[in-house]
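Data block below; observations after.
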Amino acid sequence: MRFAAAILLTACTAPAQFKSTSTLVLAPTTIVDSKGHYVDGLEAKDLVLFDNNVAQPIQVDEAIYPISLVVAVQTSVNSQAVIDKLGGSGILFTELLAGNAGETAILTFGDTVHDLQDFTTDPSQLEKTLRSLHVNRGDAASLDAVAEALKLLEQRKPERRRVILLIAEKRDRASQRKFAGVLREVQRQNVLIYWLTYSPTLTAYTARPRTVKSADPKKDGELVPYDPGSQNLLNIIPELAQLGKPAAAQELAKATGGRSVGFLKQDALEEAIQSVAAEVHRQYMVSFQPRPSPPGKFHSIRVEVKGKPELLARTRAGYWPLQ
């Protein structure tokens with residue numbers, strides 16, 4: 001409760017008036033110590049940002065930027081147990097993660113992507129939407145889901161922070177989009193990606209018993225026979241084959257300055273959402289005016305804390321100059 005209250009107080013800070021030029025680069029930065037604890041109270045003079053290894057003059061804004069959040073939920077045939085765990089999470093998305101002046105949209109995906117809920121600030125509407133989730137056919141088209149989330153975010157006002165939270169297995173299985181193209185668009189829009197990952201094989205066995213809902217009193221409340229679907233022992237071999245493929249979750253999250261977090265049970269899922277919320281609202285809003293450079297060439301950036309190499313600063317991997 002103390003954790004939740006602290007996040008709510010942070011999220012209720014007045015939103016920033018984002019003053020920028022068309023070329024200002026925003027680099028939300030998370031700073032932790034050797035034990036993973038957040039480090040607060042630093043100022044622009046304490047930090048140095050390198051653009052292609054050249055230190056840049058920076059500013060650090062302490063105000064909270066209003067957040068536009070897209071929650072993308074995998075609803076393929078092996079996702080029923082996770083869908084069941086999400087029913088009561090609406091308030092976590094609106095009050096903790098999106099925060100004050102924030103807005104949240106929801107999309108789902110199997111092998112196709114569906115826009116399920118437009119941007120809203122109403123937690124009860126999100127609860128209703130999350131409780132209506134159901135399994136769709138097909139595999140996980142995670143990159144296609146990210147691409148659709150980017151389309152939704154591109155329509156939001158430029159002064160808003162853009163965050164995508166995926167709840168899905170960590171490897172893409174069925175997307176038409178290619179990783180490189182999606183990554184470039186993510187970096188172009190300066191979107192922060194967090195990916196809550198799970199094992200479809202293991203998570204299926206954490207599901208609570210399901211019961212029949214029926215007007216017939218003889219049937220109402222009967223246990224639904226457990227059906228592991230594709231997640232049975234015969235599926236272990238193709239699952240092992242997936243281990244050799246690149247993990248889109250880790251790569252996209254790392255490139256944007258976010259991270260991937262694994263979970264198994266419902267309490268771990270809720271803790272992961274709270275952990276992401278804590279991080280988003282304790283980041284330093286570092287920005288700088290990049291020097292003119294030819295378009296089409298990626299610039300790598302990094303942030304360090306002056307004189308304190310034991311502190312870890314995590315930010316986006318870089319940016320593409322305007323063309």
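Taken from CD in E127 to CD1 in I91, the straight-line distance is 7.0 Å, to the nearest 0.5 Å. A distance of 4.5 Å separates CZ in F263 from CG in L269, rounded to the nearest 0.5 Å. Atoms OG and CG, from S199 and L264 in turn, are 8.0 Å apart once rounded to the nearest 0.5 Å. Summarising the geometry, atom CZ belonging to R171 is positioned 11.5 Å from atom OG belonging to S142; distances are rounded to the nearest 0.5 Å. Separation of atoms OG (S68) and CD (Q155) is listed at 11.0 Å; rounding is to 0.5 Å. Atoms CG and CG, on N136 and D111 in that order, are 8.5 Å from each other to the nearest 0.5 Å.
Hydrophobic clustering, with ILVMFWY side chains joined whenever heavy atoms are under 4.5 angstrom apart, groups L166 together with F179. Cluster membership check: L153 shares its hydrophobic cluster with W195, using side-chain heavy-atom separations under 4.5 Å among Ile, Leu, Val, Met, Phe, Trp and Tyr. Note: the hydrophobic cluster containing F109 does not contain I83 (ILVMFWY, side chain heavy atoms under 4.5 Å, direct or indirect links). I164 and V113 end up in the same hydrophobic cluster when Ile, Leu, Val, Met, Phe, Trp and Tyr side chains are linked at under 4.5 Å. Grouping the Ile, Leu, Val, Met, Phe, Trp and Tyr side chains by contacts below 4.5 angstrom, directly or via other members, places V77 with L116.
Residues E185 and V191 are not in side-chain contact: their nearest non-hydrogen atoms beyond the backbone lie 4.5 Å or more apart. At a threshold of 4.5 Å between non-hydrogen side-chain atoms, the residues T94 and T121 do not count as touching. The closest side-chain heavy-atom distance from D118 to I106 is not below 4.5 Å. Using a 4.5 Å cut-off on side-chain heavy atoms (C-beta onward), T30 and T315 make no contact. Counting only heavy atoms from C-beta outward, the side chains of I31 and L42 approach each other to under 4.5 Å. The side-chain heavy atoms of S300 and F50, taken from C-beta on, include no pair separated by under 4.5 Å. Taking 4.5 Å as the limit, some side-chain heavy atom of R282 sits within range of a side-chain heavy atom of D40.
In the displayed structure, Q176 atom CD is contacted under 6.0 Å by at most 12 heavy atoms of other residues, nucleotides or ligands. Residue K306 places its NZ atom among more than 12 non-hydrogen atoms of other residues, nucleotides or ligands, all under 6.0 Å distant.
Checked against L69 for a side chain to side chain contact (heavy atoms under 4.5 Å, CB included), the options L192, V280, V163 give a single hit: V163. Under the side chain to side chain contact (heavy atoms under 4.5 Å, CB included) rule, L196 has a single partner from L165, V82, V73, which is L165.
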How far apart are the C-alpha atoms of R161 and Q283, what are their side-chain angles, what is the distance that settles it, and do they pass the side chain to side chain donor-acceptor pair (under 3.5 Å) test? CA-CA 12 Å; R161 290 181 66 189; Q283 289 174 324; 2.4 Å; yes
For a salt bridge (charged side-chain N to carboxylate O under 4.0 Å, His left out) check, start with the C-alpha distance between R160 and E103, then their side-chain angles and the critical distance, and finish with the verdict. CA-CA 10 Å; R160 304 189 70 88; E103 57 183 10; 3.4 Å; yes
Applying side-chain contact (heavy atoms from CB on, under 4.5 Å), run through D122 and L126 and close with a yes or a no. CA-CA 7 Å; D122 183 359; L126 287 178; over 6 Å; no
Between D46 and E43, is the side-chain contact (heavy atoms from CB on, under 4.5 Å) condition met? List the steps. CA-CA 5 Å; D46 301 314; E43 301 176 359; 3.8 Å; yes
Give the C-alpha distance, both sets of side-chain angles, the deciding distance and a yes or no for side chain to side chain donor-acceptor pair (under 3.5 Å) between E270 and Q274. CA-CA 6 Å; E270 294 174 353; Q274 292 177 4; 5.8 Å; no
Could you walk me through whether Q117 and Q125 pass the side-chain contact (heavy atoms from CB on, under 4.5 Å) test, one step at a time? CA-CA 9 Å; Q117 170 65 56; Q125 181 59 45; 3.2 Å; yes
If you apply the rule side-chain contact (heavy atoms from CB on, under 4.5 Å), what do you find for L97 with Y194, and how did you get there? CA-CA 11 Å; L97 214 171; Y194 289 90; over 6 Å; no
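Remark: the backbone N or O of L143 is paired with a side-chain donor or acceptor of D172 at under 3.5 angstrom. Side chain of S275 to main chain of E271: no donor-acceptor pair is present (N/O by atom type, distance under 3.5 Å, no hydrogens or angles). Checking side-chain atoms of N190 against main-chain N and O of L26 turns up a donor-acceptor pair under 3.5 Å. Looking at S175, its side chain does come within 3.5 Å of a backbone N or O of D144 through a donor-acceptor pair. Using a distance-only test at 3.5 Å, with no hydrogens or angles considered, a donor-acceptor pair links the side chain of T256 to the main chain of I193. The main-chain N or O of R259 is never found under 3.5 Å from a side-chain atom of K254 such that the two would form a donor-acceptor pair. A donor-acceptor contact shorter than 3.5 Å is absent between the side chain of R131 and the backbone of L86. With hydrogens and angles disregarded, no donor-acceptor distance shorter than 3.5 Å links the side chain of S76 to the backbone of Q74. No donor-acceptor pair closer than 3.5 Å links the side chain of Q59 to the backbone N or O of V286. With H114 contributing its side chain and L107 its backbone, the two residues share no donor-acceptor pair below 3.5 Å.
The ring-ring contact (aromatic ring centres under 6.0 Å, His included) contacts involving residues 296-318 comprise F298-W320, H299-Y319, where partners must be two or more places apart or lie in separate chains.
Using a cutoff of 4.0 Å between basic side-chain nitrogens and carboxylate oxygens, E279 and R314 are scored as salt-bridged. Note on E154 versus R162: no salt bridge recorded, every NZ/NE/NH1/NH2 to OD/OE distance being 4.0 Å or above. Electrostatic pairing of E304 and R302 counts as a salt bridge here, judged by a charged N lying under 4.0 Å from a carboxylate O.
Scanning both residues, H134 and T75, for their nearest heavy atoms gives O-CB, 3.6 Å. The two residues T29 and A313 have their closest heavy-atom pair at CG2-CB, 4.0 Å. The minimum heavy-atom distance between I58 and A44, with the atom names listed, is CD1-O, 3.9 Å. Closest approach of S89 and L130 over heavy atoms only: C-CD1, 4.0 Å. Across all their heavy atoms, R177 and A147 have their closest contact at NH1-CB, 3.6 Å. D51 and I301 make their closest contact through CA-CG2, 4.1 Å (heavy atoms, listed as atom of the first residue, atom of the second, distance).
Other residues sharing the hydrophobic cluster of L312, ordered by chain and number and joined by side-chain separations under 4.5 Å: V32, Y38.
Take R291 and apply the salt bridge (Lys or Arg N to Asp or Glu O under 4.0 Å) test, not counting sequence neighbours, and it matches no residue.
Relative to the six-membered ring of F119, R156 meets both conditions, a distance below 6.0 Å and an angle of at most 45° to the axis.
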